[in-house]
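I have placed the structure first, in the form of C-alpha cells, so that the comments after it can refer back to it.
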Amino acid sequence: MEPEILYRFRFLSDLTPGPEGLPLFLLTDILEGDPPRYRTRLALYDGTLRFLTQEESRKPRYQAPYVYFLRRVGEGQELFRLDLRGGEAERLTETAGVLDYALGPQGQVAFLALKEAPRPGTPRVFEGWPFKFDGKGLLPEGQVALYLLKDGEKRLLLSRYPAPKEMVFAPEGLYLVMPEDLKAQREGRDTLFLLEEGGLRKVYGGVGPIQALEWSPEGLFFLGHAFERGGGTEARLYHLQEGRARVLLEGSLGNSINSDLRFGAHPQGPRWGEDGVYLVRTEAGEARLCRVGLDGRAEALPAGGSVLAFAKTEKGLFLLTEDFTRPARLEGPLGTLDPNEGLALPEPLYTAWESPRGHVVPGFVLLPEGEGPHPLILYIHGGPHTAFGRAPMLELALFQKAGYAVAFANPRGSTGYGQDYALLEGAWGERDEEDLLGFLDHVLARFPLDPERVGVAGGSYGGYMVNWLTARHPHRFRAAVTDRSICNWFSFFGASDIGPRFTFLELFATPWEAPEVLWEKSPLRLAHQVKTPTLVVHAEQDHRCPIDQGEAWYTALLHLGVKTRFFRVPEEGHELSRSGRPDRRVARLRAYLDWWRENL
C-alpha cells in the first residue's frame, strides 16, 4: 500500500431526504490529472446509484419538485435548483457569493450572501473579531446580508453586523442565530432571534454557542452550552417551546471521531422524526444514532458502524456509517451502497491502560506482519476534545503496511467518556502526558515491540503534544513528526482564528493577566532540551495553527543542532490532511514515510 491509494477512494456526504423518500447525497471521487482534483456529484439511491449532476454541487436540499444546491461560479457560490421533472439546473441568484440558505414552506428561500466581494489587493479594515477563519481566509466583515427569494424576486431582509450564522423557517417566522453585539461575538456567545413581520425579537441565548437548528411541530430544537467547564464543555440538546428552553440531553453530541477519509459535510442532527428527535452521539470510540423523546429518554439505535450522517424519510432510516476498515457507506431499507467495495484498511486491536489514579485510558494498536519486535509510532489525535475510534485512518494504515506498529489512544481530554474525562482544566501537558506515556508503556509491555525504536507523531493538539513530549523526554523517542502544531501560546493567541477564546477556555489565561501560564505551557520554552530528529509539517494558509508555529519550532531545532526538516505546503490550510488537494495530501504522507525510514 502506497500513499497514491488515496486516489481510489470515493466519499459520501450531505445525506438528506430526497424525492419519494429516497436518500439524496453527494458522491465525491478524485480525478487524476495535473493537478488531480475532487469531483462532487449529486446522487440518489433507489437500489442503484443515480447521478443527477456531473458538475460540482454542494449542500443539497429537496423540496418538491426541486433539488436546491450551491455551486461555485467564479470566486463565489450561487444557488441553483434542478427540476426533477426534467430540464437543466437553473441558477437562482446573482450575488457576490452565497454563503448559506434555508428553504421555506411556500417555496421561498432565505439566503445569506455577500453584498460586495472584496477586491483583491485592496486594504481591509476590521473592527471586530474573528477577522479570519481557517479555510476561508479574511472574513467579509460587515458585507453579509440576509435576503428572501420568492417567485423570482429578491428582497433584503436584514443587514447587520454581526451577521446571522444559521437559520431555519418556522410558522411564526425565521429563526436566526447570531451574536447580539461585537462583544458577544468576541466571546463566542450566540443569541437565538426570531425575524417576524414586526421585526427582530430576541428569543434565547447570549451565554455560549448555538447551532444545528431544527424546527418541528413540537417546537424548536438546537445544540448549545455556556462554556461552564471551559473548552471541554459538552453540548446540550435544547427544546424550545412557548419561549422556554429546556435541556433534553447532554453529552458528546455529534461524531467527534478522527478520520482522514471523509469529504464534504455530514449533518448529524438534531432532526425531528415524529417519534422523537434524532441525533448522533459519540460514546466510547463509536458514534451512535440516538432517538430522544420529549421526556429526555435517549435510545441508541443499531447501525453497522459509527454513524457519520443520517436521513429519516417515509421509506425509513438511511445512514452513512464508517468503520476502522472503510470510509462511509450508505445503509438503509433499500440495501447498501459501498462506493469503496474491495478497498479495506487493517483493523486495530483494542487495548486499555489502567491508571493508578483509577481511570482507564482506552486505545488501539496496529501491528505489522511478522513476529517482531516491531518499531512503534505513538500517534496523538487533535482537538484535544476529539477521539480515536470506529473510523478509518489511512495515514496509520500506511505506517502499518510500511512495517511500523502504531499505538493510538484516547487520553483525558478526549470525548465520548463522560464530561469529567473530557476536561483538561488548564492541565495541558500534565494529565494528557501521564495518560499517553502510561499507555505507551502498557503497549510496549504487552505487544512484540522494540522499546529502542519508538517514534511519536500527531497533528494540531497532537502536534503540540509531540513538541511537548520530545522536549520533556528528550531520550524517549527515536524520531518525531509534528504536524500543524502549537509551540508558542503568545503568538497563537493573536494569530490563530480561534486564539483568544481557545487559549482562555483551555488554559484560563491571557498574555496580560497570566503570561507565566502561557510561557509555562509553551514547548518553545523547552526547545533546548529536544534531541529527537523531527520533521515539521505545516500548511502556509493554516489560520487555526498558523505557519509561524511550525516556523518557530523548525528554526529553534535547527539552531540548536537537532536533526530537522521543514515540509511546508502552499495554498493549504489546517485541513490539508483531510481535504487538501489530493497530490499535496499524497506528498505529505510520502514525507512521513520517508522520515520514518530514515530515522526510525
Side-chain angles (χ1 to χ4, degrees), residues 3 260 375-382 384 395-396 398-399 402-409 428-429 432-433 436-437 440 450-489 491-492 519 521-540 542 544-569 572 574 576-577 584-585 587-600:
D260 59 357
L376 173 68
I377 298 166
L378 175 67
Y379 198 91
I380 306 169
H381 68 60
E395 185 171 330
L396 306 191
L398 288 171
F399 298 163
Y404 306 98
V406 187
F408 46 113
W428 282 47
D432 41 13
E433 176 187 277
L436 288 166
L437 294 183
L440 175 59
D450 185 349
E452 301 301 318
R453 298 176 64 196
V454 178
V456 62
S460 196
Y461 160 79
Y464 168 87
M465 286 305 297
V466 170
N467 298 343
W468 183 263
L469 291 176
T470 54
R472 294 249 303 157
H473 304 273
H475 302 292
R476 186 73 198 260
F477 302 99
R478 179 77 70 88
V481 181
T482 181
D483 199 328
R484 58 194 187 279
S485 74
I486 299 172
C487 73
N488 181 355
W489 283 103
S491 59
F492 177 86
W519 189 232
K521 295 297 182 182
S522 293
L524 191 61
R525 177 179 65 87
L526 304 172
H528 62 285
Q529 298 180 178
V530 177
K531 306 296 181 187
T532 308
T534 302
L535 173 66
V536 178
V537 177
H538 227 108
E540 293 181 353
D542 190 336
R544 184 62 38 85
C545 296
I547 185 70
D548 75 289
Q549 300 290 325
E551 291 172 334
W553 195 245
Y554 168 74
T555 299
L557 298 191
L558 190 70
H559 281 73
L560 288 164
V562 179
K563 181 179 180 182
T564 186
R565 182 178 299 158
F566 195 7
F567 182 84
R568 56 187 294 156
V569 184
E572 297 288 352
H574 200 65
L576 164 65
S577 65
R584 293 171 180 156
R585 293 174 66 182
R588 172 186 168 275
L589 293 168
R590 182 70 64 192
Y592 268 76
L593 291 171
D594 290 345
W595 190 254
W596 298 136
R597 291 189 186 105
E598 291 177 30
N599 298 283
L600 189 58

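Residues: numbered from 1 along the sequence shown.
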Legend entry - With sequence neighbours excluded, residues passing side-chain hydrogen bond (donor to acceptor under 3.5 Å, both in side chains) with T532: none

Inset, instruction - Look at the aromatic rings of F399 and W596 and report parallel, tilted or perpendicular, splitting at 30° and 60°. - result: perpendicular

Inset, instruction - Over all heavy atoms of both residues, which pair between I486 and C545 is shortest? Give the atoms and the distance, please. - result: CG1-SG, 3.8 Å

Inset, instruction - For E551, enumerate each residue passing the side chain to side chain contact (heavy atoms under 4.5 Å, CB included) test, keeping only those at least two apart in sequence or located in another chain. - result: I547, D548, F566, R568

Inset, instruction - Not counting sequence neighbours, which residues clear side chain to side chain contact (heavy atoms under 4.5 Å, CB included) with A552? List them please. - result: C487

Legend entry - Inter-residue atom distance L526.CG - L469.CG, 0.5 Å rounding: 11.5 Å

Legend entry - Validation row: S577, R484 side chains within 4.5 angstrom (heavy atoms): yes

Inset, instruction - Report the residues that fulfil side chain to side chain contact (heavy atoms under 4.5 Å, CB included) with R565, sequence neighbours left out, ordered by chain and then residue number. - result: L535, W595, E598

Inset, instruction - For F477, enumerate each residue passing the ring pair (Phe, Tyr, Trp, His ring centres under 6.0 Å) test, keeping only those at least two apart in sequence or located in another chain. - result: none

Identify each donor-acceptor pair in which a side-chain atom of residues 452-464 lies under 3.5 Å from a protein atom, sequence neighbours left out, and give them as a table.
| residue | atom | partner | partner atom | Å |
| --- | --- | --- | --- | --- |
| R453 | NE | L600 | O | 2.7 |
| R453 | NH2 | L600 | O | 2.9 |
| S460 | OG | H574 | NE2 | 3.0 |
| Y461 | OH | D432 | OD2 | 2.6 |
| Y464 | OH | K521 | O | 2.7 |

Legend entry - Sequence-distant partners of D594, salt bridge (charged side-chain N to carboxylate O under 4.0 Å, His left out), two or more places apart: R597

Legend entry - Contacts of H381 that satisfy side-chain hydrogen bond (donor to acceptor under 3.5 Å, both in side chains) - sequence neighbours left out: T386, S414

Legend entry - Non-hydrogen atoms of R478 and P533 that approach each other most closely: O-CD, 3.3 Å

Legend entry - Pairwise side-chain contact, Y379 with E395, heavy-atom cut-off 4.5 Å (strictly under): yes

Legend entry - Atom of N467, atom of S485 and distance for their closest heavy-atom approach: ND2-OG, 3.1 Å

Legend entry - pair L398-Y592: side-chain heavy atoms closer than 4.5 Å: no

Inset, instruction - To the nearest 0.5 angstrom, please state how far the CD atom of Q529 sits from the OG1 atom of T470. - result: 10.0 Å

Inset, instruction - Look up atom CG in L376 and atom CG in L378, then write down how far apart they are to the nearest 0.5 Å. - result: 7.0 Å

Legend entry - Close side-chain approach of D542 to Q549, heavy-atom, < 4.5 Å: no

Legend entry - Closest non-hydrogen atom pair between A479 and N599, with its separation: CB-CB, 3.7 Å

Legend entry - Heavy atoms of other groups near H559 NE2, more than 12 under 6.0 Å: no

Legend entry - Carboxylate-amine/guanidinium proximity below 4.0 Å for R588 and D483: yes

Inset, instruction - Mind checking salt bridge (charged side-chain N to carboxylate O under 4.0 Å, His left out) for R472 and listing every partner two or more places apart, or none if nothing turns up? - result: E433

Inset, instruction - Check for a donor-acceptor pair, side chain of S522 on one end and backbone N or O of W489 on the other, with a separation under 3.5 Å. - result: yes

Legend entry - Residues in ring pair (Phe, Tyr, Trp, His ring centres under 6.0 Å) contact with F408, at least two apart in sequence or another chain: F364, F388

Legend entry - salt bridge (charged side-chain N to carboxylate O under 4.0 Å, His left out) partners of R584, counting only residues at least two apart: E571, E572

Inset, instruction - Indicate yes or no: at least one non-hydrogen side-chain atom of F567 is less than 4.5 angstrom from one of V481. - result: no

Legend entry - Shortest non-hydrogen contact from T534 toward T482: CG2-CG2, 3.8 Å

Inset, instruction - Taking salt bridge (charged side-chain N to carboxylate O under 4.0 Å, His left out) as the test, write out the residues that go with K531, two or more places apart. - result: none

Legend entry - Considering all heavy atoms, the nearest P384-W428 contact: CD-CZ2, 3.6 Å

